[in-house]
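Some notes on the structure that comes next.
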There are 2 protein chains.
Amino acid sequence: MSSEDVVVLAGGTGGAKLVRGMADVVEPERLAAVVNTGDDIEIYGAHVSPDPDLVSFWLADLIDARGWGLAGDTFAVMDALRALGVEVWFNLGDRELAWCLERARLIAGGATATAALARLNAAIGVRTRVLPASDERLRTFVRMSSGWQSFQEFMIRERAAPAVEGLEFRGAERARPTQQVLEAIVRASAIIIGPSNPLASIGPMLAMPALRAALERCDAPVVAVSPIVGGEVLKGPTAAFMSYAQLPCDAGGVARFYEGLLDGIVADEAPHDPHLRALQIDTRMDDAGARARVAAQTLSFADSLRS
Amino acid sequence: MSSEDVVVLAGGTGGAKLVRGMADVVEPERLAAVVNTGDDIEIYGAHVSPDPDLVSFWLADLIDARGWGLAGDTFAVMDALRALGVEVWFNLGDRELAWCLERARLIAGGATATAALARLNAAIGVRTRVLPASDERLRTFVRMSSGWQSFQEFMIRERAAPAVEGLEFRGAERARPTQQVLEAIVRASAIIIGPSNPLASIGPMLAMPALRAALERCDAPVVAVSPIVGGEVLKGPTAAFMSYAQLPCDAGGVARFYEGLLDGIVADEAPHDPHLRALQIDTRMDDAGARARVAAQTLSFADSLRS
């Protein structure tokens, strides 16, 4: 392996698991996760950044078995809000609330979201760089028959059930990726797009013109790992978004969404695209061994694509 | 007793206890507490209003045995902040944090502090009106040899230990008492200044020109209950502030501080002031019976002063 960086673009759980696997095969100093901030939400006086935090908690081995939040967290504050008659639609554990309150405090004090997360991650021993894709405001909104809602409201209030009729990344045209993100991409020896929802989790990052341009321009091979496993999406509403985009919910559809960016794709099925190099492996990441194996195989594949 | 209101001006614990005693002898609809907001602080994304909350928690019989906060509260969020390396100088329980976060949310949504507290109090069954003296910004600052600090910092960080060299109620000249406060005073049959720190807890309210004028103008007798019991201040740094104001720390000193406002004073000692009517009683309020007794005796005394 080269001495340059490995960059993983990540959104939700699939991307976070791949980053965790990658941390077993790449030294922390060489690994950078570039993470979606379109799902961020200000609530309870806190700045919640679900995707960067998911990656951070996975890296610290602190992710709760429920799939989000901190292991063993308590919910005293949310329970107390409910007792006061507040409709608590966005659930946040006490320790996670502290994490997000401290981020809000640091940002109010002038820190960037990137610097705030770096400081929080230092406190839990995460040495891998977890880079919010942008320090500027970019928010994902979903339209359903009842109207537009933020991504979190669509996911939680609506349980991602309604058909997706529109998708907007508000602020994306103006938002710039951070200097740290652009430098990581320029220095990268491999860029891996994690198995996250292409439209709703990776899409907000690609909607920033400077981030897309940096990926198009970079020397490193760009490889996507398909989030579709055994013909199904393991977690989250990827199918609804692929359907909205009129893309088949398979590796070929994922490849088409990333058209113009990819040098290769990793999936458990062969996409019907003769122009795209593909690696067909078991992409399930149910345990640490599988996560490290998928990470290593993806990295070797990316290395093999280097021009 | 008349059908008009009883108004109690309150700051810290002494005032809150008297309000609680008064709630046993006056119907909730007839009782209004007017409470100091000079100690308010925005922290952890929350709006903390220590004195109005103290009165509210006392009225709901939810005050913790430690003397502040909610009975049986947990401290998961503060513990988590400490684990993240945050210097937690202002301790707030999880349920109290929820209370203060919800207040901040209501205020950010356009509610006044008065309306926000009324809504919170409705949720815990408090029917007595707890009225922040003002909905506008007024903050108490204390100067010590090391410089100016907010009242909370002086009390908690400095443990109220340094000599008081200055006292400012920033914003008081511009801040207006609320309409609810002014109406309660106009309608009152008795106005009781609770046994709170005259300078630091009652002073910020009297520093609002319109509130002082309303008290000077009102028809009801104004009676102060001295916070000095058995020659000592039971709680808080009243002595340090009386000393700063060059007032003796006794009922006479309290009466002098309230000069021009009082029709009478209640204390366990006779003040050396031939022009002021005084009621000498045991003013300790260690249990519910004593609190109700002091309240009833104070009220009878006030009634006897009505012109």
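Every value quoted in this text rests on a predicted model; they were computed, and no experiment measured them.
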Using the test ring pair (Phe, Tyr, Trp, His ring centres under 6.0 Å), find all partners of B:F154 that sit at least two apart in sequence or belong to another chain.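 Expected list: B:F241.
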Among A:G85, A:A98, A:G93, which has the most heavy-atom pairs under 4.5 Å with chain B?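 Highest number of pairs under 4.5 Å: A:A98.
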ring-ring contact (aromatic ring centres under 6.0 Å, His included) partners of residues 26-83 of chain A, not counting sequence neighbours, each pair once: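 Sorted result for residues 26-83 of chain A: A:F57-A:W99.
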Less than 4.0 Å between a side-chain N and a carboxylate O, is that true for [Y] and [X]?
| X | Y | value |
| --- | --- | --- |
| B:D61 | B:R20 | yes |
| B:D5 | B:R129 | yes |
| B:R103 | B:D53 | yes |
| A:E87 | A:R157 | yes |

Name, in order of residue number, those residues of residues 11-19 of chain B that have a heavy atom at a distance of less than 4.5 Å from a heavy atom in chain A; otherwise write 'none'.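 At a heavy-atom separation under 4.5 Å, chain A is reached by no residue of residues 11-19 of chain B.
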Residue-level interface, residues 120-127 of chain B with chain A, non-hydrogen cut-off under 4.5 Å: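 Contacts with chain A: B:L120, B:A123, B:I124.
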Test side chain to side chain donor-acceptor pair (under 3.5 Å) on B:T178 and B:D135; report intermediate values, then the result. CA-CA 6 Å; B:T178 66; B:D135 285 329; 5.3 Å; no
Do you know the tightest heavy-atom contact between B:A207 and B:F169?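 In terms of heavy atoms, the two residues are closest at CB-CD1, 3.5 Å.
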Shortest non-hydrogen contact from B:P52 to B:L117?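 Closest pair (atom of B:P52, atom of B:L117, distance): CB-CD2, 3.7 Å.
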Checking B:V77 against chain A: side chain, backbone, both or neither under 4.5 Å from a heavy atom?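 Both parts, backbone and side chain.
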Between B:S201 and B:N36, is the side chain to side chain donor-acceptor pair (under 3.5 Å) condition met? List the steps. CA-CA 6 Å; B:S201 295; B:N36 172 42; 4.7 Å; no
